[in-house]
Amino acid sequence: MTSDEEYEFYAQPENQEPQGPARRRTARLSTIVPVRFPPELLAEVRRRAEADDRSLSSWIRRAVEHELRDSA
């Protein structure tokens with residue numbers, strides 16, 4: 001489903017009702033780690049996060065998890 005299709009789907013009131021029990025994150029996030037990127041790299045990361053419909057932080061966490069999993 002594209003972002004536009006998703007928007008149209010959830011714009012309809014009947015598709016805004018929660019389904020099933022609430023889901024909570026099982027593990028709490030820990031310490032905030034400040035990370036700095038050169039402007040052009042940050043711009044590319046932002047573009048990719050947006051393309052994946054994720055927050056910047058979520059995209060970076062997923063990339064780190066992926067790298068750790070692949071290097072194990």
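Any value given below was found using the heavy atoms of this structure, including those in side chains, with hydrogens, waters and symmetry copies removed.
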Asks: Could I get the full list of side-chain contact (heavy atoms from CB on, under 4.5 Å) partners for R69, not counting sequence neighbours?
Replies: E65, H66
Asks: Would W59 and L41 show up in the same hydrophobic cluster when neighbours are defined by side-chain heavy atoms closer than 4.5 Å?
Replies: yes
Asks: At their closest point, which heavy atom of A49 faces which heavy atom of S55, and how far apart are they?
Replies: CB-O, 3.9 Å
Asks: I'd like to check the side-chain contact (heavy atoms from CB on, under 4.5 Å) partners of L68; sequence neighbours left out, ordered by chain and number.
Replies: V64
Asks: Between atom CD1 of I60 and atom CZ of F37, what is the distance when rounded to the nearest 0.5 Å?
Replies: 4.0 Å
Asks: With rounding to the nearest 0.5 angstrom, report the CZ to CG distance, R36 to L42.
Replies: 11.5 Å
Asks: Per the salt bridge (Lys or Arg N to Asp or Glu O under 4.0 Å) rule, what does the pair list look like for residues 37-48, sequence neighbours excluded?
Replies: E44-R47, E44-R48
Asks: Under a 4.5 Å side-chain heavy-atom rule over Ile, Leu, Val, Met, Phe, Trp and Tyr, are V45 and V35 clustered together?
Replies: yes
Asks: R61: which residues meet the side-chain hydrogen bond (donor to acceptor under 3.5 Å, both in side chains) condition with it, sequence neighbours left out?
Replies: none
Asks: Within this structure, what is the CD-CZ distance for the pair E14 and F9, rounded to the nearest 0.5 Å?
Replies: 8.0 Å
Asks: Report the residues that fulfil salt bridge (Lys or Arg N to Asp or Glu O under 4.0 Å) with D53, sequence neighbours left out, ordered by chain and then residue number.
Replies: none
Asks: Under the side-chain contact (heavy atoms from CB on, under 4.5 Å) test, which residues partner Q16, sequence neighbours left out?
Replies: none
